[in-house]
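Read through the structure below, which is laid out as structure tokens, and then see the notes.
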Amino acid sequence: MFMGIDPGKDKCGVAILTASGEIKYQRVVATEELDNVIKNLAAEFDVEKVILGDGTTHKAAAKKISAAGLTFQLVDEKHTTEEARREYWKKNPPRGWRRLLPTSMQVPPEPVDAIVAEILIRRYLHP
């Protein structure tokens with residue numbers, strides 16, 4: 001199992017995927033809760049490695065990962081938010097009047113950080 005983390009100042013996207021790419025867990029959590037989330041998920045899912053986005057706040061998350069006794073690999077975060085927005089609309093097609101607007105002109109109604117965490121793992125597994 002692989003844990004992906006999209007670190008942020010206020011919130012982090014977290015995902016757990018199998019080596020074959022099956023999603024087992026995907027949530028947005030408060031940054032202040034990240035260390036507890038990492039420990040709990042690592043124990044529950046037997047995490048092999050953490051895949052961490054290399055954004056500006058990755059150093060604080062790296063310390064929390066190391067404190068939990070896990071190894072991590074930094075992955076390039078470039079354009080992951082845009083990719084996550086496209087993926088969001090694939091998973092949640094617009095309804096009602098939103099169907100009439102191109103999804104490229106819309107902002108998802110909820111944070112996409114957890115989808116970014118999934119994308120980071122997929123980038124690591126399939127470079």
Side-chain angles (χ1 to χ4, degrees):
M1 299 276 188
F2 295 92
M3 180 187 303
I5 299 176
D6 174 32
K9 180 181 165 206
D10 299 318
K11 62 185 175 4
C12 297
V14 180
I16 303 281
L17 272 67
T18 63
S20 64
E22 181 184 354
I23 300 169
K24 295 293 188 176
Y25 177 92
Q26 198 168 36
R27 299 277 185 280
V28 176
V29 301
T31 299
E32 62 193 31
E33 298 172 9
L34 186 61
D35 38 3
N36 288 333
V37 170
I38 290 170
K39 291 173 189 170
N40 293 338
L41 291 176
E44 182 180 345
F45 290 102
D46 192 28
V47 172
E48 177 182 328
K49 183 175 269 191
V50 178
I51 311 306
L52 180 62
D54 67 352
T56 55
T57 58
H58 80 272
K59 291 180 182 176
K63 288 178 184 175
K64 293 178 182 189
I65 294 165
S66 296
L70 297 168
T71 59
F72 67 91
Q73 176 69 45
L74 288 177
V75 173
D76 184 12
E77 270 191 45
K78 192 180 290 182
H79 303 295
T80 53
T81 301
E82 295 90 347
E83 191 176 336
R85 286 180 178 167
R86 286 191 300 272
E87 190 63 29
Y88 175 88
W89 292 119
K90 285 181 192 173
K91 293 179 178 186
N92 306 285
R95 295 174 179 240
W97 65 267
R98 287 183 168 266
R99 291 179 296 129
L100 304 174
L101 290 175
T103 55
S104 60
M105 295 178 63
Q106 298 184 53
V107 175
E110 57 190 78
V112 295
D113 305 76
I115 298 173
V116 170
E118 171 192 344
I119 291 167
L120 293 171
I121 298 171
R122 294 189 191 285
R123 283 185 178 185
Y124 173 78
L125 293 174
H126 309 288

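- Cluster partners of Val107: none. The rule joins Ile, Leu, Val, Met, Phe, Trp and Tyr whenever side-chain heavy atoms lie under 4.5 Å apart, and it links nothing here.
- Members clustered with Leu100: none, using a 4.5 Å side-chain heavy-atom cutoff among hydrophobic residues.
- For the atom pair Ile23 CD1 and Tyr25 OH, the distance stands at 13.0 Å (nearest 0.5 Å).
- Side chains of Thr71 and Val50 form no contact here, defined as non-hydrogen atoms less than 4.5 Å apart.
- Using a 4.5 Å cut-off on side-chain heavy atoms (C-beta onward), Thr31 and Lys9 make no contact.
- Annotation: ring-ring contact (aromatic ring centres under 6.0 Å, His included) contacts involving residues 92-127, sequence neighbours excluded, comprise Phe2-Tyr124.
- Among Gln73, His58, Glu77, the one residue that satisfies the side chain to side chain contact (heavy atoms under 4.5 Å, CB included) test with Leu52 is His58.
- Among residues at least two apart or in separate chains, salt bridge (Lys or Arg N to Asp or Glu O under 4.0 Å) pairs with a member in residues 13-32 are Glu22-Lys24.
- Pairs engaging residues 48-75 under the salt bridge (Lys or Arg N to Asp or Glu O under 4.0 Å) rule: none recorded [sequence neighbours left out].
- A 4.5 Å side-chain heavy-atom check between Trp89 and Ser104 finds every atom pair outside the cut-off.
- Screening residues 99-127 for salt bridge (Lys or Arg N to Asp or Glu O under 4.0 Å) gives Lys11-Asp113, Glu83-Arg123, Lys91-Glu118, Glu118-Arg122 as the qualifying pairs, with residues at least two apart or on separate chains.
- The main-chain N or O of Met1 is never found under 3.5 Å from a side-chain atom of Thr18 such that the two would form a donor-acceptor pair.
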